[in-house]
Amino acid sequence: MAGEIPDLNALERTGTGKGAARQARRDGMVPGIVFGGDKEPLPINLPFNALLKRLKDGRFKATLFNLKVDGHEDVRVICRDVQRDVVKDLPTHVDFLRLRRTTKINLYIPVEFVGEDVAPGIKKGGVLTVVRPEVELIVTAGDIPEKITVDLSTLKIGDIVHISDVTLPEGTKPTIDRDFVIANISAPSGLAAQEAEEAEEAAAAAAEEATTEEA
């Protein structure tokens, strides 16, 4: 289970319609609605500043939240839409979907790298390049993995870690079908330059030898 499902605090909105929504905005709130899950839609208000911060943090629509509304049981939700002011680009309304524990959703799961201290490639001066610090997976709402783990302990310079090399948590799969790269161990810049220079010298020598033979 994911270690931290962030809380999202809201208030139940007593009125509906454009008038209640305008009043909410005047009060520094953003109106929203929670639907799905075989329950009646629940109108809510979210504090504007708290919501804006969440939006600026990024991936708001790909984050599972624990919605807390006074007078109601906590419920897991995911954002389905954020309506914005066409001029100021500020949020004016938010739609959330209630999730059952068996619901399949797309979430970004962080990648943890282990064995870096003993990896042969890194010990020889290789550089770990992380292409994807997190991976978007299809997961079950009631069983979200905290992380996926990549073992670097046997990797050498030039080795590449693809998603197919990783043991994913049970019940999850990537949202992308192709075998994408997560990380690699590249040669240090000095060594890479030396290898390139040696390759050029070898190519020049071979060309010179071929010219001599032709002569």
Distance in Å, [X] [atom1] paired with [Y] [atom2], rounded so as to fall on 0.5 Å steps:
X	Y	atom1	atom2	result
Glu170	Asp143	CD	CG	8.0 Å
Ile182	Arg132	CD1	CZ	8.0 Å
Leu155	Lys123	CG	NZ	13.5 Å
Gln83	Leu90	CD	CG	14.0 Å
Thr103	Ile78	OG1	CD1	10.0 Å
Leu152	Asn184	CG	CG	10.5 Å

What I'd like to find out is whether the side chain of [X] reaches to under 4.5 Å of the side chain of [Y], using heavy atoms alone.
X	Y	value
Lys104	Thr140	yes
Cys79	Val94	yes
Pro174	Glu136	no
Phe113	Val161	no

Please tell me whether [X] and [Y] are part of a single hydrophobic cluster in this structure, the criterion being side-chain heavy atoms less than 4.5 Å apart.
X	Y	result
Phe180	Ile160	no
Ile5	Ile105	yes
Val69	Val75	yes
Leu46	Leu55	yes
Leu8	Leu99	no

Can you give me the closest heavy-atom contact between [X] and [Y], atom names plus distance?
X	Y	value
Val127	Pro188	CG2-CA, 4.3 Å
Pro6	Leu64	CD-O, 3.4 Å
Ile157	Ser186	CG2-C, 4.1 Å
Glu146	Pro110	O-CG, 3.4 Å
Ala183	Val130	CB-CA, 4.2 Å
Leu107	Ala62	CD2-O, 2.7 Å

Kindly say whether [Y] contributes a backbone atom to a donor-acceptor pair with the side chain of [X] at under 3.5 angstrom?
X	Y	value
Asp151	Ser153	yes
Arg13	Ala21	no
Asp179	Ser164	yes
Arg76	Ala141	yes

Can you confirm whether [X] is buried at [atom1], in the sense that more than 12 heavy atoms of other residues, nucleotides or ligands lie under 6.0 Å from that atom?
X	atom1	answer
Gln23	CD	yes
Lys61	NZ	yes
Asp177	CG	no

Is there a side chain to side chain contact (heavy atoms under 4.5 Å, CB included) between Lys56 and Lys53? Walk through the geometry before answering.
CA-CA 5 Å; Lys56 288 181 177 179; Lys53 183 180 183 303; 5.8 Å; no
By the definition side-chain contact (heavy atoms from CB on, under 4.5 Å), identify the one residue from Val181, Leu168, Ile176 that meets it with Ile163.
Leu168
When you look at Val111 and Ile148, which way does the side chain to side chain contact (heavy atoms under 4.5 Å, CB included) test go after all the steps?
CA-CA 5 Å; Val111 179; Ile148 63 175; 3.7 Å; yes
Ile144/Ile109 under side chain to side chain contact (heavy atoms under 4.5 Å, CB included): CA gap, chis, key distance, verdict
CA-CA 9 Å; Ile144 299 170; Ile109 305 299; 4.1 Å; yes
Could you walk me through whether Arg98 and Leu42 pass side chain to side chain contact (heavy atoms under 4.5 Å, CB included), step by step?
CA-CA 10 Å; Arg98 294 187 189 96; Leu42 175 66; 3.6 Å; yes
Please work out which of the three classes, parallel, tilted or perpendicular, describes the rings of Phe65 and Phe60, given edges at 30° and 60°.
tilted
